[in-house]
Amino acid sequence: QVQLVESGGGLVQAGGSLRLSCAASVGTFSRYAMGWFRQAPGKERTVVSTISTGGPVVYYAASVKGRFTTTRDNAKATVYLQMNSLKPEDTAVYYCAAVESRESSISYLYIRSSDYDYWGQGTQVTVSS
């Protein structure tokens, strides 16, 4: 059973930074592509960023590109989301997700939430203006 535990959320002023972590309890973390998604009140869950199993390829939603950075540490079975220049519209519950890759390429990206099989409980990020 895969377990994902997010941490690092909180309240921050606009322009500030937060770093989210997602620790995974899996057999072989390097086989899993990882993603960050978010859901604001009354809105659908949307992709923020995803990272391939090998870590060399990362996808960012247009709304966060240039401000957010996703990295992974396969030795620690952890994925990180560094969020800089935060805006009030970034306020949401942030979820970590995982999928065991079915592709041979370490650069393959899973973008859709329906691609992912495992989800964390979410962590609240609130950005005040």
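Fair warning: this is a prediction, and the values are worked out from it, not measured in the lab. Only heavy atoms go into these numbers, but all of them, side chains included; no hydrogens, no water, no symmetry mates.
The shortest side-chain heavy-atom distance between Arg67 and Ser85 falls under the 4.5 Å cut-off. Within the 4.5 Å cutoff, the side chain of Tyr80 has heavy atoms near those of the Ser21 side chain. Contact of the Leu18 side chain with the Leu86 side chain is registered, since non-hydrogen atoms from C-beta on lie closer than 4.5 Å. Put simply, the side chain of Val127 does not reach to within 4.5 Å of the side chain of Lys87, judged on heavy atoms.
Between Phe68 and Tyr94, the ring planes are tilted. Angles from 30° to 60° get that label.
Although no hydrogens or angles enter the test, the distance criterion places no donor-acceptor pair under 3.5 Å between the side chain of Glu6 and the main chain of Leu20. Here the side chain of Thr53 pairs no donor or acceptor atom with the backbone of Arg31 at under 3.5 angstrom. Gln3 places no side-chain N or O within 3.5 Å of a backbone atom of Ser25 that could act as its donor or acceptor partner. Distance alone, capped at 3.5 Å, places no donor-acceptor pair between the Thr78 side chain and the Asp73 backbone. Without hydrogens or angle criteria, Ser101 side chain to Glu103 main chain gives a donor-acceptor distance under 3.5 Å.
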Practice prompt. Evaluate the side-chain hydrogen bond (donor to acceptor under 3.5 Å, both in side chains) criterion for residues Asn84 and Ser17: first the C-alpha distance (whole Å), next the side-chain angles of each, then the deciding distance (0.1 Å), finally the verdict.
Written response: CA-CA 4 Å; Asn84 298 330; Ser17 298; 2.9 Å; yes
Worksheet item: Between Cys96 and Val79, is a side-chain contact (heavy atoms from CB on, under 4.5 Å) present by the stated rule, with each step listed?
Response: CA-CA 8 Å; Cys96 172; Val79 63; 4.0 Å; yes
Worksheet item: Should Thr126 and Val12 be marked as a side-chain contact (heavy atoms from CB on, under 4.5 Å) after you check the CA-CA gap, both sets of side-chain angles, and the distance that decides it?
Response: CA-CA 6 Å; Thr126 302; Val12 64; over 6 Å; no
Discussion item. Please determine whether side-chain contact (heavy atoms from CB on, under 4.5 Å) holds for the pair Met34 and Leu4, giving the CA-CA distance in whole Å, both sets of side-chain angles, and the decisive distance to 0.1 Å.
Written reply: CA-CA 10 Å; Met34 303 297 294; Leu4 304 173; 4.1 Å; yes
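Side-chain contact check for Glu44 and Thr46: no donor-acceptor pair (N or O, by modelled atom type) lies under 3.5 Å.
Hydrophobic clustering of Ile, Leu, Val, Met, Phe, Trp and Tyr side chains at less than 4.5 Å, counting indirect connections, unites Val99 with Trp119.
Scanning all heavy atoms of the two residues, the minimum distance from Thr91 to Ala40 falls at O-CB, 3.7 Å. The two atoms that bring Ser49 and Leu81 nearest to each other are CB-CD1, 4.5 Å, heavy atoms only. Across all non-hydrogen atoms, the minimal contact from Tyr59 to Ile111 is CG-CD1, 3.4 Å.
A cation-pi arrangement is present between Arg72 and Phe29, with the terminal nitrogen or guanidinium carbon under 6.0 Å from the aromatic centre and inside a 45° cone about the axis. Under a cutoff of 6.0 Å and an axis angle of 45°, Arg38 and Tyr95 do not form a cation-pi pair.
When the options Thr50, Asp115, Ile51, Val47 are evaluated for a side chain to side chain contact (heavy atoms under 4.5 Å, CB included) with Tyr110, the one that passes is Asp115. When each of Tyr32, Phe37, Trp36 is checked for a ring pair (Phe, Tyr, Trp, His ring centres under 6.0 Å) with Tyr116, only Phe37 meets the rule.
Interatomic distance, Ser30 OG to Ile106 CD1, rounded to the nearest 0.5 Å: 10.0 Å.
For Arg45, the CZ atom sits in a packed shell: over 12 heavy atoms of surrounding residues, nucleotides or ligands are nearer than 6.0 Å.
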